[in-house]
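Hydrogens, waters and symmetry mates play no part in the numbers below; they use all other heavy atoms, side chains included. Every chain is numbered from 1 and lettered A, B, ... according to where its sequence line falls, protein lines coming before strand lines.
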Protein chains: 2
Amino acid sequence: MKRIHNKDDIVQVGLDLVLSKGFSATGVETILKQAKIPKGSFYNFFSSKEEFGLAIIDKFVEDRMEVLYPILADDSLPPLERVKKSFETIIAIFESNDCSKGCLLGNLGLEMSDHFENVRQRLEQSLQNWTKGLSELLLQAQDAHTIPAEINVEMLAENLISSFQGALLRSKVKKSAQPLKDFIHLYFNVFLSQREG
Amino acid sequence: MKRIHNKDDIVQVGLDLVLSKGFSATGVETILKQAKIPKGSFYNFFSSKEEFGLAIIDKFVEDRMEVLYPILADDSLPPLERVKKSFETIIAIFESNDCSKGCLLGNLGLEMSDHFENVRQRLEQSLQNWTKGLSELLLQAQDAHTIPAEINVEMLAENLISSFQGALLRSKVKKSAQPLKDFIHLYFNVFLSQREG
DNA sequence: TCAACTATTTAGACCGGTCTATGTAGTGGT
DNA sequence: ACCACTACATAGACCGGTCTAAATAGTTGA
């Protein structure tokens, strides 16, 4: 009886370790030990450590989608509220981890995109998908006159995600979620609020 | 005749390498080889690699201050224009590096602040100083009614820097400075523009 | 059942990581 | 000039990194 669980276990454990310690600082052996998989089996499942990197990105995005999709697709809330709530949900996860770890897309983006082209492209694709998801909602919000009409919604979606990543980074260094909360406040109560009819 | 130059050389070369490859991925031996310093001399100058990390942070901040201070202190420009110009200057440097490297404070923040408390604190201090510098100018801009009166300037200064870091990250992954330019546009032409008298 | 094949594991090659015990050379005090 | 002292360099210990050649275990088909 063959077992396929092993690869999933490596990805699961590896994702957690990389989120916590970074990609370079996480050794293959550490992952295997923690996943209780025999030393050396790693290279049956991944042809290189970089390919493992791609796998954890996919896993991270999948996990995150599972959490965020129901929120973004919740028709009972106005579009902009869904966007806001999706960010707040990630913030809650971040806080439950003592303001550590953060977002794999951001972490690997800074650590790897200069030197691992495949990783860079995978991250780019994931970020673009995320941007697309938000920009559709922002367009609806714009149609409903909830956000200013003169803003390009794709640009805004990308900027929202970027700024969120920046706030995540700032919160990590500060060990406090305050910058993330300020991000929510500034964007959703100040910058995007319609100041005139 | 003693030469004290060595330590500065290590810091100079090391800063460049860490900016390019990250902290974990940059080995002490690589730095020494590139700085043409005899193998092993490293630990005469730094008691640990972490302490070297602190030194390159200081060097990075010092270099950056040399570029930014004249801009931020330029009385011939209105305060908010100085803030904008300071960001544009960093963007120009980033573009001249093929949209790689980015900002050491952000890079190390994500890579190290969870596991190197001393580094985290040094980064926090540097970011706070930067925030302070900007918030003073923002306060002047607010007094001159250039930005909305209801915004807390310290919060805004921190958010500007965070969002800038996020845009830097996004631009790195995209290999294009467009997200950084959008950041400038959105903040300085949209979010902070006074839409009514 | 047994041979051929595939999936998994093992051991370890090989390299490069941080860091240290020791050696050497240059400096300053007397 | 000599001795103590400091600044620097050397070699290498020791560990852990990625990755691979070869052995083993499990599966399948005749």
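- What separates CZ of F52(B) from P of dC19(C) is a distance of 12 Å, to the nearest Å.
- Residues D182(A) and Q178(A) have side chains that bring a donor and an acceptor to within less than 3.5 angstrom of each other.
- Using a 4.0 Å cut-off between a side-chain N of Lys or Arg and a carboxylate O of Asp or Glu, D114(A) and K172(B) qualify as a salt bridge.
- For the pair R122(B) and E50(B), the salt-bridge criterion is not met [side-chain N within less than 4.0 Å of a carboxylate O].
- The existence of a salt bridge linking K85(A) and E88(A) is excluded, since no basic side-chain nitrogen approaches an acidic carboxylate oxygen closer than 4.0 Å.
- Checked for salt-bridge contact, D8(B) and K59(B) miss the test: no charged N lies under 4.0 Å from a carboxylate O.
- Here R170(A) pairs with E124(B) in a salt bridge; the nearest charged N to carboxylate O distance falls below 4.0 Å.
- If you take CG of D9(B) and C1' of dC8(D), they are 14 Å apart, rounded to a whole angstrom.
- Between S41(B) and dA9(D) there is a side-chain polar atom (N or O) within less than 4.0 angstrom of OP1 or OP2.
- Of the candidates dT8(C), dT10(D), dC8(D), dC8(D) carries the atom nearest the F45(B) side chain, counting heavy atoms from C-beta on.
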Protein-nucleic acid N or O pairs under 3.5 Å, nucleotides 14-20 of chain D:
unit_1	atom_1	unit_2	atom_2	d
dT18(D)	OP1	K49(A)	NZ	2.9
dT18(D)	OP2	V28(A)	N	2.7
dC19(D)	OP2	Y43(A)	OH	2.7
dC19(D)	OP2	K49(A)	N	3.1

